[in-house]
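Read the structure below first, then the notes.
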Amino acid sequence: MHIDVNEKALKEGETVDALLTELIHTKKLDLLLIAGDISNHYLRSQHFLEDLQQSAGIPVFFVPGNHDYWSKEHDVKDTNQVDAYFRSKKESLVEKPTHLNDEWVLVGSPGWYDYGYGNHEKYTEQQFEKKKYKFASWNDRHYVDWRKSDVTISQQMLEQLRKDLTAAGDKKIILMTHVATHPEFVVSLPHRIYDYANAFLGAKSYESLYQDFPNIQYSLMGHVHFRKTYRDQERTYLAACLGNKRHWSHKDVRTQLIKTLTVIEI
Ligand SMILES: [Fe+2]
């Protein structure tokens, strides 16, 4: 959603909170899922979630995105501390499979990129680890510090997801990650920039979850700044990203929210 970056696109008197509340009521939603990147400050992101629930009167569930973890506007440099903060909040789905009813369960994790979607014929693992190569730079390198490698954190989050998905048993699952976990949701290669940058869009190793857990009926993702629904025989994959106002043809938050919000009926 990037509510901070998109703030300048709001009309006088508008707030994202109020616009979204109006939309939630119009669509008669029972709950709202947000797949991360609310803002560049963890407190602002969390307060947004709390205020929105207050104004809309429905539960809102969330997994943090890389921007919610950013330490650009505060001094908490250890990303694990920001992660612990989000985990302590009821809105976070991380390690908390949430049963919606007798049939459906929500399972979530930020997920972390494992460079798997980058072009490994063109770049080495070390070049991806640097998160900067000539013209391309991935800004997480300045503002996210897990104190371990991206591949390690990606694997740890994958293992936790496996536990949570196993705990869901035979129920139908709505899986929500921040990063892309399906090749349809990264940029097609070859591409001048994305041969490199695709490495940071998704976690290719997470594709294994779809084989191992056929009861995943919906797979929701954030992170990529486009909106897309893809269906195969097994399930529906969905990215419903408000994105950054730079990418909007029509610079109006209300219109973009209406275009973005996707309703799932269960
Ligand atoms: Fe992101």
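What you see below is based on every heavy atom in this structure, not just the backbone, and it leaves out hydrogens, waters and symmetry mates. Ligands are counted one by one from 1 in listed order, and the atoms in each one are counted from 1 as well.
Tyr237 and Phe185 have tilted rings, their planes meeting at an angle from 30° to 60° on a 0 to 90° scale. The aromatic rings of Tyr42 and His74 stand perpendicular to each other, their planes meeting at an angle above 60°, with 30° marking the opposite boundary.
Put simply, the angle at the Fe ion (ligand 1) from OD1 in Asn66 to ND1 in His223 is close to 100°, to the nearest 10°.
Using modelled atom types, one side-chain atom of Arg227 and one backbone atom of Cys241 make a donor-acceptor pair closer than 3.5 Å.
Hydrophobic clustering, with ILVMFWY side chains joined whenever heavy atoms are under 4.5 angstrom apart, groups Val60 together with Leu43.
Sorting the N, O or S atoms of Asp37 by how far they are from the Fe ion (ligand 1) puts OD2 first.
Within the 2.8 Å limit, His67 places no N, O or S atom next to the Fe ion (ligand 1).
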